[in-house]
Amino acid sequence: KGVNMSGTHLSGFANACQEAVGAVLHAITTHGEERRGHLSDAKTAVDFALRDAHSGEEWYLAQHLRQGIKDVETRLRDAS
């Protein structure tokens, strides 16, 4: 189960991580309910990544994404 760098054949784990990062980036550029929706989507994607993790390294990366989402939430909340 390799990752195709063109993005056409991503594993479930890789796809979930990509979805989480994209959702966080959208949250950073939006406000209000839309921002909350993106952060919720990011959390859901990380949950999928954790479920699909097949190694300690993948689990570790997903945990860091989860912590990053929490950090973004805190910073955005503090800035508003």
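Numbering of residues begins at 1 and proceeds along the displayed sequence. Predicted model only: the values in this text are computed from it and were never measured.
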Exercise. Can you tell me how far the CZ atom of R75 sits from the CD1 atom of I28, to the nearest 0.5 Å?
Worked result: 10.0 Å
Exercise. Below 4.5 Å, heavy atoms only, C-beta onward: do H38 and T30 meet side chain to side chain?
Worked result: yes
Exercise. With sequence neighbours excluded, what pairs up with E73 under the salt bridge (Lys or Arg N to Asp or Glu O under 4.0 Å) test?
Worked result: K43
Problem set entry | ring pair (Phe, Tyr, Trp, His ring centres under 6.0 Å) partners of residues 61-80, not counting sequence neighbours, each pair once | Y60-H64
Exercise. Of all heavy-atom pairs between L50 and R66, which one has the smallest distance, and what is that distance?
Worked result: CD1-NH2, 3.2 Å
For this session: Treating Ile, Leu, Val, Met, Phe, Trp and Tyr as nodes and any side-chain heavy-atom pair under 4.5 angstrom as an edge, say whether L65 and V72 lie in one connected cluster.
Result: yes
Problem set entry | Distance in Å, E34 CD paired with H26 NE2, rounded so as to fall on 0.5 Å steps | 8.5 Å
Problem set entry | Spatial distance of atom OG1 (T44) from atom CD (E19) [nearest 0.5 Å] | 11.0 Å
For this session: Identify the heavy atoms of L76 and A27 that sit nearest to each other, and give their distance.
Result: CD1-O, 4.1 Å
Problem set entry | Chi angles and distances behind the side chain to side chain contact (heavy atoms under 4.5 Å, CB included) call for S11, D52 | CA-CA 9 Å; S11 71; D52 290 346; over 6 Å; no
Exercise. Do the side chains of F48 and I69 join up, straight or via other hydrophobic residues, at under 4.5 Å, putting them in one cluster?
Worked result: no
For this session: Determine yes or no for a side-chain-to-main-chain donor-acceptor pair under 3.5 angstrom, with S40 supplying the side chain and R36 the backbone.
Result: no
Problem set entry | E58: side chain to side chain contact (heavy atoms under 4.5 Å, CB included) partners, not counting sequence neighbours | F13, A53, H54, S55
Seminar exercise, completed: Tightest non-hydrogen contact, residues A62 and V46, listed as O-CG1, 3.6 Å
For this session: Taking all heavy atoms of A45 and all of A20, pick out the closest pair and write down the distance.
Result: CB-N, 3.6 Å
